[in-house]
Asks: 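Take this structure, written in structure tokens, and hold onto it; I'll ask about it next.
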Amino acid sequence: MEERVRQLFRVLFEHYGPQKWWPGKSRLEIIVGAILTQNTAWKNVERAIENLRNAGFLPSSDDEDALYYARKFLRAGEEVIRELIKPAGFFNQKSRYLLNFMEFFVEAGGFEGLERLDTDTLRKRLLSLRGIGHETADSILLYAFGKPIFVVDAYTRRVFLRHGLPANGYEEVRLLVENSFRDKEEGERVKIFNEFHALLVRVGKDYCKKKNPLCARCPLSTLL
DNA sequence: CTCCAGGGGGCCA
DNA sequence: TGGCCCCATGGA
């Protein structure tokens with residue numbers, strides 16, 4: 001089973017190459033994007049992020065102080081944020097989710113404070129926030145904090161199901177992938193999980209839509 | 001017109 | 001846990 005997981009990764013990486021995820025100019029922007037992209041096309045998230053940037057709510061790089069921008073969210077309030085993120089949909093919920101996170105972020109002392117926590121504690125703190133479920137929490141851990149956590153999404157489940165791997169329980173799937181690379185160094189696993197998730201999204205978009213299960217042209221078809 | 005996208009919460013059994 | 005409904009915009 002674990003060998004099959006490693007095969008999936010190998011074939012995808014050899015076919016597509018590095019995906020350069022997560023797109024974003026700063027860690028705070030990555031987190032904002034992770035919340036905005038919930039059940040939403042990335043194209044629409046880009047518009048919302050562009051609106052936020054033009055309004056001065058996002059750092060232009062990690063050299064800037066993320067706490068300054070988080071406080072700016074809190075000062076602005078729901079109404080302002082809601083209008084800016086409208087293109088990303090679900091704006092009534094997501095504006096609250098963003099402010100929820102920013103409040104948590106400021107109280108925790110920003111990245112500096114959160115980095116003092118061990119990964120398991122940080123994961124639990126994130127999951128306790130309204131609007132941050134398993135996938136969003138793990139996306140933040142992997143792409144904004146560089147933790148060796150694999151992100152399970154709908155595409156992962158479709159591909160795994162098609163290839164006879166467990167695809168139901170979130171934790172079951174996540175731990176299967178993480179265990180499949182446990183012999184690697186932590187830094188190497190971060191790179192692998194980063195690419196693996198992005199590659200699964202890529203192959204899913206190309207060949208594994210909801211109404212279009214994997215067709216014969218899928219690069220993974222050779223493994224079936 | 002319908003379907004769906006880089007989900008999550010609430011409710012129910 | 002597992003199923004269902006709601007949330008909302010914009011592209012295909």
Side-chain angles (χ1 to χ4, degrees), chain A residues 8-9 12-13 16 18-25 27-52 78-104 123-145 147 149-161 166-177 190 192-215:
Chain A
L8 287 174
F9 172 70
L12 284 175
F13 189 80
Y16 287 110
Q19 299 298 298
K20 302 180 170 67
W21 270 35
W22 185 294
K25 296 183 184 300
R27 301 170 73 189
L28 192 65
E29 180 176 319
I30 290 172
I31 294 170
V32 169
I35 291 172
L36 291 179
T37 198
Q38 290 168 1
N39 199 44
T40 299
W42 183 252
K43 184 73 182 174
N44 290 340
V45 177
E46 286 182 318
R47 296 183 169 149
I49 286 180
E50 197 53 28
N51 288 345
L52 289 170
E78 259 184 66
E79 322 292 321
V80 175
I81 302 303
R82 177 165 42 210
E83 293 310 306
L84 292 172
I85 67 172
K86 232 166 197 176
F90 304 116
F91 43 79
N92 288 311
Q93 314 183 53
K94 288 176 179 175
S95 58
R96 284 196 297 273
Y97 294 169
L98 287 174
L99 289 174
N100 278 348
F101 175 82
M102 296 305 170
E103 188 176 359
F104 160 78
R123 187 164 192 269
K124 283 175 179 161
R125 298 277 309 266
L126 290 171
L127 284 173
S128 73
L129 298 176
R130 273 164 62 261
I132 297 188
H134 290 97
E135 186 177 340
T136 307
D138 290 340
S139 293
I140 291 171
L141 287 169
L142 177 62
Y143 293 106
F145 285 88
K147 304 292 188 185
I149 300 287
F150 177 73
V151 181
V152 180
D153 70 335
Y155 291 124
T156 307
R157 298 176 191 281
R158 286 176 211 165
V159 172
F160 275 32
L161 188 64
N168 289 319
Y170 185 94
E171 293 297 87
E172 185 185 8
V173 177
R174 178 174 73 88
L175 293 174
L176 168 61
V177 175
V190 172
I192 291 172
F193 298 152
N194 180 319
E195 293 297 339
F196 203 178
H197 173 60
L199 287 163
L200 284 164
V201 172
R202 176 67 183 276
V203 75
K205 283 181 167 177
D206 288 353
Y207 301 103
C208 201
K209 300 280 194 182
K210 266 187 185 173
K211 299 191 70 173
N212 241 21
L214 291 181
C215 70

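What you see is a predicted model, and the numbers here were worked out from it, not measured in a lab. Protein chains get the first letters and strands the later ones, always in sequence-line order, with residue 1 at the start of each.
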Asks: Do you know the tightest heavy-atom contact between A:Pro87 and A:Asn51?
Replies: CG-ND2, 3.8 Å
Asks: A:Asn92 near the nucleic acid: base, sugar-phosphate alone, or nothing, with a heavy-atom cut-off under 4.0 Å?
Replies: sugar-phosphate
Asks: Mapping A:Lys43 and A:Thr40 onto DNA chain C by nearest heavy atom, which one lands closer to the 5' end?
Replies: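 Result: A:Thr40.
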Asks: Do A:Arg202 and A:Tyr155 touch side chain to side chain, with heavy atoms closer than 4.5 Å?
Replies: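 Counting from C-beta outward, A:Arg202 and A:Tyr155 never come under 4.5 Å.
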Asks: Could you tell me how far apart A:Ile30 (CD1) and B:dG6 (P) are, to the nearest whole angstrom?
Replies: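 Interatomic distance, CD1 of A:Ile30 to P of B:dG6: 17 Å.
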Asks: If the condition is side-chain contact (heavy atoms from CB on, under 4.5 Å), which residues does A:Arg157 pass it with, not counting sequence neighbours?
Replies: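 Residues passing side-chain contact (heavy atoms from CB on, under 4.5 Å) with A:Arg157: A:Val152, A:Ala167, A:Tyr170.
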Asks: Describe, in one word, how the ring planes of A:Trp22 and A:Trp42 are oriented to each other, choosing from parallel (under 30°), tilted (30 to 60°) and perpendicular (over 60°).
Replies: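 The arrangement is perpendicular - the two ring planes meet at more than 60°.
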Asks: Identify whether any heavy atom of A:Phe91 sits under 4.0 Å from a base atom; if not, whether one sits that close to sugar-phosphate; answer base, sugar-phosphate or nothing.
Replies: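 Result for A:Phe91 = sugar-phosphate.
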Asks: Could you work out the separation of C:dA8 and B:dG10 based on their P atoms and round it to a whole Å?
Replies: 14 Å
Asks: For the CZ atom on A:Arg125, are there more than 12 heavy atoms of other groups (residues, nucleotides or ligands in this structure) within a distance under 6.0 Å?
Replies: no
Asks: Quick check for you: to the nearest 0.5 Å, what is the distance between A:Asp138 atom CG and A:Leu126 atom CG?
Replies: 9.0 Å
Asks: To the nearest 0.5 Å, how far apart are CZ in A:Phe13 and CD1 in A:Ile192?
Replies: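 One gets 9.5 Å once the value is rounded to the nearest 0.5 Å.
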Asks: Please tell me if A:Lys205 has a side-chain N or O lying less than 4.0 Å from either OP1 or OP2 of B:dA5.
Replies: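 False: A:Lys205 side-chain N/O out of range (4.0 Å or more) of B:dA5 OP1/OP2.
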Asks: Which of parallel (below 30°), tilted (30 to 60°) and perpendicular (above 60°) describes A:His197 and A:Tyr143?
Replies: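 Ring orientation, 0 to 90° scale: tilted.
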Asks: Taking protein heavy atoms under 4.0 Å as touching, what does nucleotides 8-13 of chain B look like 5' to 3' if B marks base contact, S marks sugar-phosphate-only contact and - marks none?
Replies: SS----
Asks: Atom CG of A:Asn44 to atom P of B:dG7: distance rounded to whole Å?
Replies: 13 Å
Asks: Measure from CZ on A:Arg157 to P on B:dG6 and round the result to the nearest Å.
Replies: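 These atoms are roughly 16 Å apart.
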Asks: Can you run through DNA chain B from 5' to 3' and write each base as (, ), [, ], | or . depending on how it pairs? Watson-Crick or G-U wobble, both distances under 3.5 Å.
Replies: .||||.|||||||
Asks: Let me know the distance between CH2 of A:Trp42 and C1' of B:dA5, rounded to the nearest Å.
Replies: 13 Å
Asks: Listing request: all salt bridge (Lys or Arg N to Asp or Glu O under 4.0 Å) pairs with a residue in residues 85-102 of chain A, at least two apart in sequence or in separate chains.
Replies: A:Glu83-A:Lys86
Asks: Which residues satisfy the side-chain contact (heavy atoms from CB on, under 4.5 Å) test with A:Leu142, sequence neighbours excluded?
Replies: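 Applying side-chain contact (heavy atoms from CB on, under 4.5 Å) to A:Leu142 gives A:Val151, A:Val190, A:Phe193.
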Asks: Using the heavy-atom set of chain A and a strict 4.0 Å cut-off, write down the first and last nucleotide of DNA chain C that makes it in, 5' to 3'.
Replies: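 Answer, 5' to 3': C:dC7 to C:dG11.
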Asks: Between atom CG in A:Leu142 and atom P in B:dG6, what is the gap in whole Å?
Replies: 17 Å
Asks: Can you measure from CZ (A:Arg47) to OG1 (A:Thr40) and round to the nearest 0.5 angstrom?
Replies: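 Here the rounded value is 12.5 Å.
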Asks: In whole Å, what is the span from the NZ atom of A:Lys94 to the P atom of B:dA5?
Replies: 13 Å
Asks: Salt bridge check, A:Arg174 against A:Glu171: does any charged N sit closer than 4.0 Å to a carboxylate O?
Replies: yes
Asks: Can you tell me how far C1' in C:dC4 sits from the matching atom in B:dG6, rounded to whole Å?
Replies: 23 Å
